[in-house]
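Structure record follows, encoded as structure tokens.
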2 protein chains.
Amino acid sequence: MLTNHTNTEEESLHAVKSARSRSEEIFRAAAEVITVKGFDATSMNDIAKAVDLTKAGLYHYIQGKQELLHAIMDYAMDAIEQEVVAPALEVSDPRERLRLIIWNHTHLLTNHGTHVSILTDEVSALTPAHRADIVQRKRVYLNFMRETLQQLKDSGQMRDLDVNVTSLNILATVVGMARWYNPEGPKSIHEIAEHTTSWVLNGVLADPS
Amino acid sequence: MLTNHTNTEEESLHAVKSARSRSEEIFRAAAEVITVKGFDATSMNDIAKAVDLTKAGLYHYIQGKQELLHAIMDYAMDAIEQEVVAPALEVSDPRERLRLIIWNHTHLLTNHGTHVSILTDEVSALTPAHRADIVQRKRVYLNFMRETLQQLKDSGQMRDLDVNVTSLNILATVVGMARWYNPEGPKSIHEIAEHTTSWVLNGVLADPS
């Protein structure tokens, strides 16, 4: 009976996991179609084709195109929270925290693809309620960056730079990578993360050595 | 006769100038409508309304929506060539040239508005021929940035950073400003240009002092 129970739990955990990975697959493929064709020009049919589903099959996962766009952005913001913010919260030294934020944000590109990230700029296609939700989640990330720089400034480790302008510039850098990163390019994601982290930190720190 | 001739020349120069400034006004207003509503959701009617013209009046300036999108991007790339690249070409010292590129690129935001710049990412809505044209113009700008960094590297003035990755990161920074700059914000465009230039250069230069 206990074994049976555990089996069922394992099975349902497996079912949840594979449903999640199928959703992720759909989000990534849909994000690619939408960023290449444009949101309005993309039909549910185009997306169904890209993920090898019938249109009816796709509607099993998602209610419609606008829902899908919001779900993709939510997925992108979840990734930032879980893979960038959460580990950075564990680091109390602001210099190491800033390094980790940039390092992990860069690695989102290979973890989730570039299209998901590019799509988060398309807030104008969302419903007003969804737009407010995504804008708010972006603001939380910006504030986390601001607090990290403020802590560097307060401890005398930062050059004479404005915290707000510099936070916005650093975010533009990491978000902007999605538009130029090419998985077929000559540099690995680790090398790109290293050169970017080095440039950002040398620009920010009063004593970078 | 001579006076008459000069008058006519002056008049036609004036006519050319005011036609150009009317086109610029249309490009800026149209770029705002398109970035807020999205390209597909924007009608020629919406644009005509925004620039206080009848639809027929608007067609006097522009053949159609896709033509207009390409004309706006051309206008944005013209501004980069004339206000960023041309003055920077006059500067032989790569350190001063890099400083001037970032300074002048930042000032495009107040010279031409943020929406024109944001719109240059919307290449997917262009015809293939127009897309190739804009992508090529962007590549020329990137190469100019690369050459400037390569010159810094060759003269031993650059930190141990990859020229290509760093050029792409710097471009993402200056292009990204259009998405966060707020003319009503607490910092002037000069202050923003100063803090951005300082951060970028300190990150790049082996001996920033």
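So you know, we letter chains A, B, ... as the sequences are listed, proteins then strands, and number each from 1. If you're wondering where the values come from, they're calculated on a predicted model, not measured in any experiment.
- Neither the backbone nor the side chain of A:Val123 comes within contact range of chain B; no heavy atoms are under 4.5 Å apart.
- Each of A:Leu171, A:Val174, A:Val200, A:Ile118 has some count of heavy-atom pairs under 4.5 Å with chain B, and the biggest count is that of A:Val200.
- Both the backbone and the side chain of B:Ile170 come within contact range of chain A, judged by heavy atoms closer than 4.5 Å.
- Scanning for side chain to side chain contact (heavy atoms under 4.5 Å, CB included) contacts around B:Ala48 gives B:Leu58, with sequence neighbours left out.
- The residue among A:Leu201, A:Val204, A:Leu161 with the most heavy atom pairs within less than 4.5 Å of chain B is A:Leu161.
- Only the backbone of A:Val36 comes within contact range of chain B, with heavy atoms under 4.5 Å apart.
- Interface remark: of the candidates B:Pro186, B:Gly185, B:Gly203, B:Gly203 forms the most heavy-atom pairs closer than 4.5 Å to chain A.
- Minimum heavy-atom separation, B:Gly176 to A:Ala172: CA-CB, 4.1 Å.
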For chain B and chain A, give me every donor-acceptor pair shorter than 3.5 Å, distances to one decimal.
from     : atom 1 : to       : atom 2 : distance (Å)
B:Asp162 : N      : A:His195 : ND1    : 3.0
B:Asn169 : ND2    : A:Thr196 : OG1    : 2.9
B:Thr173 : OG1    : A:Thr173 : OG1    : 3.0
B:His195 : ND1    : A:Asp162 : N      : 3.0
B:Thr196 : OG1    : A:Asn169 : ND2    : 2.9
B:Trp199 : NE1    : A:Val200 : O      : 3.3
B:Val200 : O      : A:Trp199 : NE1    : 3.3

